[in-house]
Number of protein chains: 2
Amino acid sequence: MKNLANHPDGFGIAAVERDTGLPKDTLRVWERRYGFPQPLRDANGERVYPAAQVDKLRLIRRLLDQGLRPSRIVAASTDELAQLLEASPEAAPPAAPAGWNTLLAFMQRQDGAALQRALQQSLLKQGLQRFLTDTLTPLTDAVGQAWLRGELNVAGEHLYTEQVHNVLRGAIANHGGHGGAPSILLTTFPNELHSLGLLMAEAMFAPEGAHCTSLGTQTPLADIEHAATQGGIDVVALSFSAAYPPRQAVEGLNTLRARLPASIALWAGGLAVREQQRKLPGIRVIADLHDGIAALAEWRAAHPA
Amino acid sequence: MKNLANHPDGFGIAAVERDTGLPKDTLRVWERRYGFPQPLRDANGERVYPAAQVDKLRLIRRLLDQGLRPSRIVAASTDELAQLLEASPEAAPPAAPAGWNTLLAFMQRQDGAALQRALQQSLLKQGLQRFLTDTLTPLTDAVGQAWLRGELNVAGEHLYTEQVHNVLRGAIANHGGHGGAPSILLTTFPNELHSLGLLMAEAMFAPEGAHCTSLGTQTPLADIEHAATQGGIDVVALSFSAAYPPRQAVEGLNTLRARLPASIALWAGGLAVREQQRKLPGIRVIADLHDGIAALAEWRAAHPA
DNA sequence: GCTTTCATTTTGTCCTGGACAAAATTTGTA
DNA sequence: TACAAATTTTGTCCAGGACAAAATGAAAGC
């Protein structure tokens, strides 16, 4: 029972794990292999990480999520890291609609009410589906970019996610077309906690008259199977964010495909599976929200009432 | 990169940590000291926990949370544990409202629409705050219990969480009293992904005229600090589920208290901190939803407009 | 009686350094 | 160009030792 001591001006390894998401084992092995981080030690020989090193670890984590490899970046200097971050891909922000800077400003100063009002206005003006494809998709992208560049902190991003949730759930409730076909079960695999894609899919399908049941994120495979066969489900739809390991996605999807009866369709959407169609026989890969509508039309053509 | 593989009919130590909330180190040291759990080993000598042992660990976790000591229970037989659980408090399910069995049945057969309708009806009949205290709190407890006893699978629990989210977000949007005082920032620490408590707190505060800003779950400490000082926040409110390690909660809260200006109040609610008031100087521990209202009243008494 | 102080046991977390399989990358081949 | 095999990188796991914080029990003071 070590941990409670407030190391003055430093963090214990558990605190760093909590803050950066990097497991203790990984922190120790990096220290051994790359010489960073190099924490101080307290009287008892335990690691004490100065705030500066924790900040750098957070930066490293961002770059890792972008696909860079630890050997390239863990030992690099802070300046080099900043450069890499600048030079990151996706340099083409797709035709930023007017007013985006305003929205980003709301996030920066934590003004949730104003942000929600603005989103709600867009929704009313465009209608749900165009709001999704023309506003939310590129805006979410832009928010991710801004966070990556350090222009937006985590709190701002969380605020955005939260308000999008509010707006979309409200919109879905209004469109509540219960009883239609097909009956779609939406969820994600364990370790995938990005719920926005899921919600956007639901918001796309619901107004088309499909009967959506969302289980939220992180449903174990066995439970997806059980829920689908129990609940009279026609389609199981899974969402994968860009951060999800593609191989895990492919493996899990094929396993699930084998366990589900052939009468239940399996759809997979999101960046992690976009290019994987040929490794996913019997599974409908959904390229984007428009393609989701197409998949729905296909299903209905194949299953006349 | 071990862990991701599907051990047929067993769980790796990381999966058990995720499932039970017991850290890897603790699992290993229990095995050494008490002889339980006693996982099998795979070809590589790594622990593989059979499902039965994981279930028992969950039971043990539950009893630990009630104050029993590991030496008494870790080595005990499953029957003894079941007895202890029966004999424990909470033996009095507070006057189970009629119709609960119906609700559980909806969850068991994945009927989200019916579940949502029933919840909505309760909400209309009782009003938001009584719905929270008299229905949702005990019902959530009952759902947890049912899951613990294996009467409800993960999918059913997810479905419940999802529908409660829908109902509460809708209700909060209706009560939307923007602009009131105090301005409350709601979130959780990293590793705490239980969002229900957070949402329930928001639903309790919002109709009282407070200005709530929720950041969702898992906001790093530094970002909470930043958001609070940036956004003109009066109160930072953190939520902790029963599963959150109390030590981590106490440590994080005290650190945050030290970093926040004294003018910003810090509130902590949830089972993990309920008994920790004396370790949390300068922090208002909120025992339950009623006490939240009390805390709000206190704050207003101390800060006359 | 009750609370406070001190000694003892219990318990969770951290340590080192080694090992290895899964993932990513590079190289070789049809 | 696409696929298969060899290689490197990387995260996670293991053992068993250590120790401080927490919980418990005993002793002493009011």
Side-chain angles (χ1 to χ4, degrees), chain A residues 1-7 11-18 20-34 36 39-49 60-61 63-64 66-75 191 243-252 272 275 278-279, chain B residues 1-7 10-18 20-34 36 39-49 60-61 64-75 245-251 254 275-276 278-279:
Chain A
M1 283 141 160
K2 298 280 187 55
N3 183 16
L4 296 182
N6 270 338
H7 289 121
F11 303 81
I13 195 168
V16 175
E17 175 179 35
R18 189 163 53 61
T20 65
L22 298 166
K24 299 190 244 283
D25 275 325
T26 301
L27 291 169
R28 287 193 273 250
V29 87
W30 280 4
E31 183 180 342
R32 212 193 304 169
R33 287 184 185 149
Y34 311 118
F36 183 88
L40 312 171
R41 298 294 179 131
D42 67 5
N44 189 33
E46 299 189 355
R47 292 171 174 81
V48 178
Y49 295 83
I60 289 173
R61 184 139 197 329
L63 290 166
L64 280 185
Q66 285 233 312
L68 292 180
R69 311 199 63 193
S71 56
R72 291 279 159 87
I73 56 175
V74 175
N191 290 338
Y244 199 84
R247 296 182 110 101
Q248 245 183 83
V250 169
E251 187 200 342
E275 316 268 302
R278 84 206 145 77
K279 292 185 196 163
Chain B
M1 282 135 155
K2 298 277 188 61
N3 177 22
L4 307 177
N6 278 333
H7 283 123
F11 303 82
I13 194 169
V16 176
E17 175 179 36
R18 188 166 55 61
T20 65
L22 297 165
K24 300 189 245 286
D25 275 325
T26 301
L27 290 170
R28 285 193 275 251
V29 89
W30 280 4
E31 185 181 341
R32 210 194 308 165
R33 287 182 187 152
Y34 312 117
F36 183 88
L40 311 172
R41 300 296 179 129
D42 67 5
N44 188 34
E46 298 190 355
R47 292 172 174 80
V48 178
Y49 295 83
I60 290 172
R61 181 70 165 55
L64 278 185
D65 286 343
Q66 303 210 340
L68 293 180
R69 309 200 67 193
S71 55
R72 291 282 159 88
I73 55 175
V74 175
R247 286 156 240 285
Q248 253 185 68
V250 169
E251 187 201 348
N254 281 320
E275 313 269 301
Q276 314 280 342
R278 89 204 143 81
K279 293 182 197 163

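Fair warning: this is a prediction, and the values are worked out from it, not measured in the lab. In what follows, chains carry the letters A, B, and so on, assigned in the order in which the sequence lines appear, proteins first and then strands, with residues in each chain numbered from 1.
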Residues in salt bridge (Lys or Arg N to Asp or Glu O under 4.0 Å) with R69(A), at least two apart?
none

Indicate, with a heavy-atom threshold strictly under 4.0 Å, whether [X] touches base, sugar-phosphate, or nothing.
X: R33(B); answer: base
X: R41(B); answer: sugar-phosphate
X: R69(B); answer: sugar-phosphate

Taking atom [atom2] of [N] as reference, at what distance in whole Å does atom [atom1] of [X] sit?
X: D42(B); N: dC20(C); atom1: CG; atom2: C1'; answer: 11 Å
X: L40(A); N: dC14(C); atom1: CG; atom2: C1'; answer: 17 Å
X: E46(B); N: dG11(D); atom1: CD; atom2: P; answer: 16 Å
X: I60(B); N: dG12(C); atom1: CD1; atom2: P; answer: 11 Å
X: E31(A); N: dT10(D); atom1: CD; atom2: P; answer: 17 Å
X: L27(A); N: dG11(D); atom1: CG; atom2: P; answer: 10 Å

Do R47(B) and R41(B) come close enough that some side-chain heavy atom pair is under 4.5 Å?
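Yes, close enough: below the 4.5 Å cut-off.
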
Can you confirm whether R28(A) sits close enough to K24(A) that some side-chain heavy atom of one is under 4.5 Å from a side-chain heavy atom of the other?
yes

Between [X] and [N], is there a contact of a side-chain N or O with OP1 or OP2 at under 4.0 Å?
X: N44(B); N: dC20(C); value: no
X: S71(A); N: dT8(D); value: no
X: W30(B); N: dG12(C); value: yes
X: Y34(B); N: dT11(C); value: yes
X: K24(A); N: dC14(C); value: yes

Listed nucleotide nearest any side-chain atom of [X], set [options]:
X: D25(B); options: dC14(C), dG18(C), dA15(D); value: dC14(C)
X: P70(A); options: dT10(D), dT13(C), dA15(D); value: dT10(D)
X: I13(A); options: dG11(D), dC14(C), dT16(C); value: dC14(C)
X: V29(A); options: dT13(C), dC14(D), dG11(D); value: dG11(D)

To the nearest 0.5 Å, how far apart are CG in L68(B) and CD1 in I73(B)?
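Interatomic distance, L68(B) CG to I73(B) CD1, rounded to 0.5 Å: 5.5 Å.
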
Closest heavy-atom contact between L27(A) and V16(A)?
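Closest approach of L27(A) to V16(A): CD1-CG1, 3.7 Å.
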
Mind listing the closest non-hydrogen atom pair of Y34(A) and S71(A) along with its distance?
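Residues Y34(A) and S71(A), closest heavy atoms: CE2-CA, 4.0 Å.
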
Difference in axis direction between the ends of the helix from dG1(C)-dC30(D) to dA30(C)-dT1(D), five pairs, 10°:
40°

Could you say whether R32(B) or R72(A) is positioned toward the 5' end of DNA chain C, judged by the nucleotide with the nearest heavy atom to each?
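It is R32(B) whose nearest nucleotide is closer to the 5' end.
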
Answer with yes or no whether R28(A) presents, from its side chain, a donor or acceptor under 3.5 Å of a partner atom in the base of dG17(C).
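Answer is no: no donor-acceptor pair is held.
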
Scan T20(A), I13(A), L40(A) and name whichever one has a side chain to side chain contact (heavy atoms under 4.5 Å, CB included) with Y49(A).
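So the option named by the test is I13(A).
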
Among all residues two or more places apart in sequence or in another chain, which pass the side-chain contact (heavy atoms from CB on, under 4.5 Å) test with R61(A)?
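If we apply the side-chain contact (heavy atoms from CB on, under 4.5 Å) test to R61(A), skipping adjacent residues, the hits are L22(A), D65(A).
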
